[in-house]
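Reading through the structure tokens given below for one structure.
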Amino acid sequence: MINYIEEIADILLEAMGGDSLSREEVVSMIEIPQDEKMGDYAFPCFKLAKVLRKAPPLIAADIAESIQGFDLFEKVESVNAYVNMFISREGYVADLLKDVVAQKEDFGKSDVGGGKKVLVEYSSPNIAKPFHIGHIRSTVIGNSIALIYQALGFDVEKLNHLGDYGTQFGKMICAYRRWGNKEDVIASPIKTLLTYYTKFHVEAEKDPTLDQEARDIFTRLEQGEPEEMELWQWFREESLKEFNRVYDMFGITFDSYNGESFYSDKMPRFLDELKAKGLLKESEGAQIVELEEAGLPPALITKSDGSTLYITRDIAAAVYRKEHYDFYKNIYVVASQQNLHFQQWIEIVELLGYEWARDCVHVPFGLISMEEGTMSTREGRVIFLEDVLNKAVEKTKEIIVEKGVNTDNVEETARQVGIGAVVFQELSNNRIKDYVFSWDRVLNFEGETGPYVQYTHARAASVLRKAGAEAVAAAEGKCLEDGLDGTYIVSDSAYELLKLIYAMPAVIEEAGERYEPSILTRHIINIAQAFNRFYHNEHVLVKDEDEKTAKLAVVIAAKTAIKNGLALLGMEAPEKM
RNA sequence: GCACCAUUAGCUCAGCUGGAUAGAGUAGCGCACUACGAAUGCGAAGGUCGGGGGUUCGAAUCCCUCAUGGUGCACCA
């Protein structure tokens, strides 16, 4: 399909004559008016005023006059300082529909990535701790970013950097040995391990020797003592089973579960490098790196007892990943609370002389709180992610029964819609915003929600079913052989819908560049709204064969765009609901 | 104390590298199911874009400042 902005830029350049503006400038100046009555594309002439030494409205009028005759345009007019261009709709719609039908499930994808390696680290829960609503952000946003990069033609590696290391495991093992039993852990791993953990803290208040015991156990664990290793491994596996239950509900998979423990033996090497470069400094018994020149507070690399910290492992992990994957980009979907942490370690990697330091990008997001305040596992103020998903599925089931929806499999549909609602909600707003969790909000299925978009898709599917497979195949055939009669689908509602579909590949690219799935989410809503408007305004299954064929092609395109878009958010699009 | 982030309609939020009259959803109000699915569509109403300066032909958008809220800042991750 032709690139309209590029095409228009060429026409404008010729009309302006001379070299008042570069092609690049012209391309970046062409805009899409927010009001469609102003045209499909507009060109503001303010910047030309200085060069041409003429009032902007006059320039606009001149340009409008001289590009009047091009076939590309149905109409060109000047309004104040703007040249407003209206595209010839018939050619546009037929051209676009051919493109969408030809690409089908690949519509929206591109190959800008050229197979380059991109790592996305996300979800990364702590072992033996509950998987709560706070974890939804990294999990769902990260998954969508990974899917978007895949669609852009990158070779994506999905990493779950498990929090499976640290003195907390010394405490856990210590507690298990004193008060634990195997059956309870197997029956309900995370809940049980958590009670051990809290019990440890209570007991340690009374008996401080427990802390020392836990530290000793952790030291043995670090040294690879078989008994401790075995227990740790077991806790890890049991926890992972629970996490996987949630990942399965979301339909999320990972390529690697290498967590912090995996990198624990990769630290000495780069500690030596730091020393060799003279970056390490002693302060109050600890080893630090001064980052004053970067305007950052000093980073603590090793504690006064010689043990390492989180930041040390993150740097070791980055170095390992560069050598192991040779990434083009290394993306971390981690809460904004860790902004400083990332600034510090990326700066340190740069100081070490690694030119790839800035290929590591932190993608932060805001925090979720509860109406009662911040979440606290220990005080029981926590909402489990699994509960949220289950409730959403249940509510969906109720609605299906209530509305008497004809679906092939109620359970399956309820799962797709219920979980889709939660995912869609999470991906609706800019990631950086904080928000307060609200049951009303996640369980709202009207307006700008996942179910609304899925419903629109199901509705389109329903029209195609009614039309019959033959008619659909015929419409697709017509699109491909340029036999579609565009005159039937140039109404405002059809055209606005098709324009949004045309924009989708660019939207996906932007969502990737800005690491912001919500851009895509919003666009899918816009497509759904435009489709519903079209659907209400026009009757698709009409008697006239050519008209029906053209309109069916619009329905096929809308359905394809919605389905492909939802897939990049990590959502399914049921045929019936 | 210092740093970073946020502040747009009653509520929840869009608003791209500065561009035309600041847009959705939701709540409330008024409409539309004898056409392909009402988890829908249409209409009216709703705004000192946190306050104040500045840059610019032009600012919700850029700069400064103040206010409010959040997060982080040495042995947790």
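Chain A is the first sequence line, chain B the second, and so forth, proteins listed ahead of strands; every chain is numbered from 1.
Distance check on atom P: B:G72 versus B:G10 gives 32 Å, rounded to whole Å. Nucleotides B:A44 and B:G54 have their C1' atoms positioned 40 Å apart, rounded to a whole Å. One P atom belongs to B:C62, the other to B:C16, and the distance between them is 9 Å to the nearest Å. Taking atom P on both B:G25 and B:U68, the two are 35 Å apart, rounded to the nearest angstrom. B:A45 and B:A22: their P atoms are spaced 14 Å apart (whole Å).
For residues 513-547 of chain A, there are no ring-ring contact (aromatic ring centres under 6.0 Å, His included) pairs, not counting sequence neighbours.
When heavy atoms are screened at a 4.0 angstrom cut-off, A:A335 is found touching no nucleic acid atom at all. Nucleic acid contact class of A:P33 (heavy atoms, under 4.0 Å, all strands): base. Among the heavy atoms of the strands lying under 4.0 Å from A:E284 is at least one base atom, whether or not backbone atoms are also near.
In the interface, the side chain of A:S462 is not paired with the base of B:C36 through any donor and acceptor atom under 3.5 Å apart.
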Identify the pairs formed between an N or O of the protein and an N or O of nucleotides 68-70 of chain B at a distance under 3.5 Å, and give each distance.
residue : atom : partner : partner atom : Å
B:G70   : O2'  : A:D434  : OD2          : 3.1

All N/O pairs under 3.5 Å across the protein-nucleotides 31-35 of chain B interface:
residue : atom : partner : partner atom : Å
B:A35   : O2'  : A:H539  : NE2          : 3.3

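In the set B:A39, B:G25, B:G15, B:G15 carries the atom at the smallest distance from any side-chain atom of A:N430.
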